Structure formats: structure tokens, C-alpha cells
Amino acid sequence: NAGVTQTPKFQVLKTGQSMTLQCAQDMNHNSMYWYRQDPGMGLRLIYYSASEGTTDKGEVPNGYNVSRLNKREFSLRLESAAPSQTSVYFCASSRSFDQPQHFGDGTRLSIL
Amino acid sequence: AQSVTQLDSQVPVFEEAPVELRCNYSSSVSVYLFWYVQYPNQGLQLLLKYLSGSTLVKGINGFEAEFNKSQTSFHLRKPSVHISDTAEYFCAVSVMSGAQKLVFGQGTRLTINP
């Protein structure tokens, strides 16, 4: 019953460093999503993948890239980290557009 | 574009008292509506959802919500809260097509006092 697994759980980076956040789901879901959560702003969609082989920008894509490696895995990359990207990042997946999303436990990322 | 407003950032209530968390949305097309709960240091869990049909939706842990199309609202209610309901609650909407691009409200922190 793993659901959605995110790695790492915590990370501290220096400005300018690069990093990839990993996400994997074992529910055979078609769609996957990356969000960031900042105090007082709820969750904002960064990128999503409606199905294997497709990716699209969400509300706040600048400074990020994604890869849908296969149906299970969806990674988020920060090429040159900035302090404004300090946040909690959540990955989620869903079977279809009318089914609820299942969330991972998050990655807490600090950029100094 | 869709938007969601949660009218209260924090709601303190006493244990066993009723609670209502307010959510209003804006959209030019039909939407699906969701309430998610987030316990400390965890991801979000679905409480309930409205897709179609009856406007009164019942979810887990005794919560329910009512969809009001004319007022574009989807308020969450519980008749008697417990200490374990202390968490942050998020209202979200998505359009009825394509990928489920959720738009979240800012969240309401529910604190239950003994």
C-alpha cells in the first residue's frame, strides 16, 4: 500500500545548485502532478502529465522541468535553484479527471 | 480560469461544537469540487467530492458539504468536532474535462480546543 512515494523527504541546497525530486506511484494511475505549497497560498500546480508521454505547464512552471519517465514515475528538476523555490513540494496522481488525486508526503526543500 | 476563496484562514472551535468552513469558487464552466485535509507533516487526503447529482455530499470522518450553484459555494460542515480534526483543510476545483488540474484555496486551519 505504498501509494505515492516521494524522495527525498528533506533537502537543503545552495543557490545555483541543481536537483531532481523523484515521484513514483503504484496505483496504475494515468495522470501525475507536481505542486508546491507555500504558507497562505494553498497548493499551486507546477507541471502535470495527463498520460504517459505527455507533460504540460501548470500555474507556476518557471524554473522547473519535468520528465514522465514511464507510467509510474514523474520527476521534477530544478536546474539552478533560487531562494524563491524554498517550499514543500507534493507529487500526486489520479486515475482520470473525475477521480480524486492521491498525494505523497512531500519533499521539504530549502535553498540558501 | 477558475479561482477558489476560503473565507477564513483560521477557525478555532471547542471540542464537540459544530463547525463550518467556507469555500467560494469562480468559474465560467462547470466544475468538480473537492475538500482535502492535511494533517501535520503529511500530504493531502480526500475528505469528499462533488461531481454531480445530490448537492449534499457526505465524506469521511463525519464531514459533509453542500454545493450551492447559485451562490458558487461549497461549504464544509461537521456537527460535532473532535480533537483529532485539528488540521488544515483545502477546498479545490477542477474543470470537467481533460486532466484534473486542481485549483486550491488558501487553506483553513481548524484548531479544536478542549
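Bear in mind that the values here come from a model prediction, so they are computed numbers and not experimental data. Chain letters run A, B, ... following the sequence lines, proteins first and then strands; every chain starts at 1.
Top candidate by heavy-atom pairs under 4.5 Å with chain B, chosen from A:Gln101, A:Met41, A:Lys9, is A:Gln101.
Residues B:Lys49 and A:Pro100 approach most closely at NZ-CD, 3.6 Å, considering heavy atoms.
Taken together through direct or relayed side-chain contacts under 4.5 Å among Ile, Leu, Val, Met, Phe, Trp and Tyr, B:Leu46 and B:Trp35 form parts of separate hydrophobic clusters. B:Val93 and B:Leu7 fall into different hydrophobic clusters, where Ile, Leu, Val, Met, Phe, Trp and Tyr side chains are chained together by heavy-atom contacts under 4.5 Å. B:Ile112 and B:Phe14 end up in different hydrophobic clusters when Ile, Leu, Val, Met, Phe, Trp and Tyr side chains are linked at under 4.5 Å. In the hydrophobic clustering of this structure, B:Leu33 groups with B:Tyr89; members are Ile, Leu, Val, Met, Phe, Trp, Tyr whose side-chain heavy atoms approach within less than 4.5 Å, directly or through other members. Hydrophobic clustering keeps B:Phe34 apart from B:Leu21 (ILVMFWY residues linked when any side-chain heavy atoms are closer than 4.5 Å, directly or through intermediates).
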Decide yes or no on side chain to side chain contact (heavy atoms under 4.5 Å, CB included) for B:Gln45 and A:Phe103, but give the supporting numbers first. CA-CA 7 Å; B:Gln45 302 174 31; A:Phe103 286 79; over 6 Å; no
Should A:Leu43 and B:Leu44 be marked as a side chain to side chain contact (heavy atoms under 4.5 Å, CB included) after you check the CA-CA gap, both sets of side-chain angles, and the distance that decides it? CA-CA 10 Å; A:Leu43 281 76; B:Leu44 279 69; 4.0 Å; yes
Could you go through the side chain to side chain contact (heavy atoms under 4.5 Å, CB included) check for B:Leu102 and A:Tyr35 one step at a time? CA-CA 10 Å; B:Leu102 286 174; A:Tyr35 296 90; 3.5 Å; yes
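For A:Glu79, the CD atom sits in a packed shell: over 12 heavy atoms of surrounding residues, nucleotides or ligands are nearer than 6.0 Å.
Listed in order of number, the residues of residues 105-112 of chain A that approach chain B to under 4.5 Å between heavy atoms are A:Asp105, A:Arg108.
In this structure, the portion of B:Gln38 lying under 4.5 Å from any heavy atom of chain A is its side chain and not its backbone. For B:Leu51, the part lying under 4.5 angstrom from a heavy atom of chain A is the side chain only. Contact annotation for A:Gln99: both backbone and side-chain heavy atoms come within less than 4.5 Å of a heavy atom of chain B.
Proximity of B:Phe104 to A:Arg44: side-chain heavy atoms (C-beta onward) are nowhere separated by under 4.5 Å.
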